[in-house]
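Just so we're on the same page: letters track the sequence lines, and every chain starts at 1. Just the heavy atoms: all of them, side chains too, but no hydrogens, waters or symmetry mates, feed the values below.
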Number of protein chains: 2
Amino acid sequence: MTSPTSPPVPDAELLRLDHQVCFSLHAASRAFGGVYRDALKDLGLTYPQYLVMLVLWEHGAQPVKAIGERLRLDSGTLSPLLKRLETAGLVRRERSTEDERSVTIHLTPEGDDLREQALPVPRRMLAATGLTLEELRTLRTLLARVTSALDES
Amino acid sequence: MTSPTSPPVPDAELLRLDHQVCFSLHAASRAFGGVYRDALKDLGLTYPQYLVMLVLWEHGAQPVKAIGERLRLDSGTLSPLLKRLETAGLVRRERSTEDERSVTIHLTPEGDDLREQALPVPRRMLAATGLTLEELRTLRTLLARVTSALDES
DNA sequence: CGCAACTCAGTTGCGCACAACTAAATAGCC
DNA sequence: GGCTATTTAGTTGTGCGCAACTGAGTTGCG
């Protein structure tokens, strides 16, 4: 693909680019966290808690394992998080009768109602990014490819 | 830019896109963390510790505040992190004589030597992303724009 | 049947991120 | 000079993320 006559990119730039990409990702992720913190403050949710609620709002009651697969999180993260959502009255845990290893997470009426309050959040976030729709799609696609490539290694 | 006759993107897609972008970012950041964890295991560094070492390798001894500005981290994160680097013998703290509020972080000889061992890390990370140089540049640019836009809000 | 291998949720321990706060030193202003 | 405001590190408390582990329940196989 590149010209055979020259290495168009010196090593030094490659190394610098790696740092920039990784650092940018780290920084962007934290910057999003900060804006979500504000946007979700009124709902009393953290961003990871909001992600769990999104899954439940969209797909209904589910076992912990299914939530973990959708969000790429394990029980070490989810168990205490779900316990906090339960304490907040948004969620109910119910051990499955047919497979007693499994615990199904249900929305309480309060958890279901919270959906209404959460509706304006995504638009606010989209606006805060300052990117166009096309740029957002590009970003999403690149990130998805990076993640799946990294998960391979 | 878009046709005036129709809303080309329905609300539902906008909302979904937001979730996808934020979630992708979150997931990609954690996926990078996992690969870095492996790549840095031999050095005995975590990814944030590695970022601090990069700053010191590139720019030399610096006050905590300067490191924090470069990495967008505050003393609540840096103080214990630096203490761990000090315990590991990679770094030395020295309270400035001219401004005794400030603490300058120096590399120890061991910390300086570690640079050699860290050299292959970035190339390994670049390869693991599976992206082309151009895609990486696009990604870096989009992320930087998002971060600065989000920091505004 | 009986037992080993596996699955699922939970716990523990450690490090990072951040808000809120403290303590000490400095800068600025009257 | 003397006072207040600001700056700089550090501490405390909470939550996330992950590795390693536990324990109960299920599956599968001889």
Figure out the [atom1]/[atom2] separation between [X] and [N], and round it to whole Å.
{"X": "A:Q62", "N": "C:dA9", "atom1": "CD", "atom2": "C1'", "answer": "16 Å"}
{"X": "A:R72", "N": "D:dC18", "atom1": "CZ", "atom2": "P", "answer": "6 Å"}
{"X": "A:D151", "N": "D:dC18", "atom1": "CG", "atom2": "P", "answer": "10 Å"}
{"X": "B:L71", "N": "C:dA17", "atom1": "CG", "atom2": "P", "answer": "9 Å"}
{"X": "B:K41", "N": "D:dC18", "atom1": "NZ", "atom2": "P", "answer": "15 Å"}
{"X": "B:D74", "N": "C:dA19", "atom1": "CG", "atom2": "P", "answer": "7 Å"}
{"X": "A:L45", "N": "D:dT14", "atom1": "CG", "atom2": "C1'", "answer": "15 Å"}
{"X": "A:I105", "N": "C:dC8", "atom1": "CD1", "atom2": "C1'", "answer": "12 Å"}

- Begin with the C-alpha distance, continue with both residues' side-chain angles, and end with the deciding distance and a verdict on salt bridge (Lys or Arg N to Asp or Glu O under 4.0 Å) for A:R93 and A:E86. CA-CA 8 Å; A:R93 303 147 161 266; A:E86 188 180 36; 3.1 Å; yes

- Task: Could you tell me if the ring centre of B:H26 sits under 6.0 Å from that of A:Y47?
- Result: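 For B:H26 and A:Y47, the ring centres are under 6.0 Å apart.
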
- Can you check each nucleotide of nucleotides 7-13 of chain D against protein heavy atoms at under 4.0 Å and return B for base, S for sugar-phosphate only, - for none, in 5' to 3' order? BSBBB--

- Message: If you assign B:Q49 and B:T97 each to the DNA chain C nucleotide with the nearest heavy atom, which residue ends up on the more 5' nucleotide?
- Response: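 Upstream on the strand: B:Q49.
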
- Out of curiosity, B:R115 CZ to B:L43 CG, how far, rounded to the nearest 0.5 Å?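 So the CZ of B:R115 and the CG of B:L43 are separated by 13.5 Å.
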
- Message: Would the distance check show the side chain of A:T104 and the main-chain N or O of A:P63 forming a donor-acceptor pair, the cut-off being under 3.5 Å?
- Response: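 Pair absent, no side-chain N/O of A:T104 close to backbone of A:P63.
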
- Item | Contact residues, residues 29-37 of chain A to DNA chain C [heavy atom, < 4.0 Å] |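 The stretch gives A:R30, A:R37 as the residues lying under 4.0 Å from the strand, ordered by number.
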
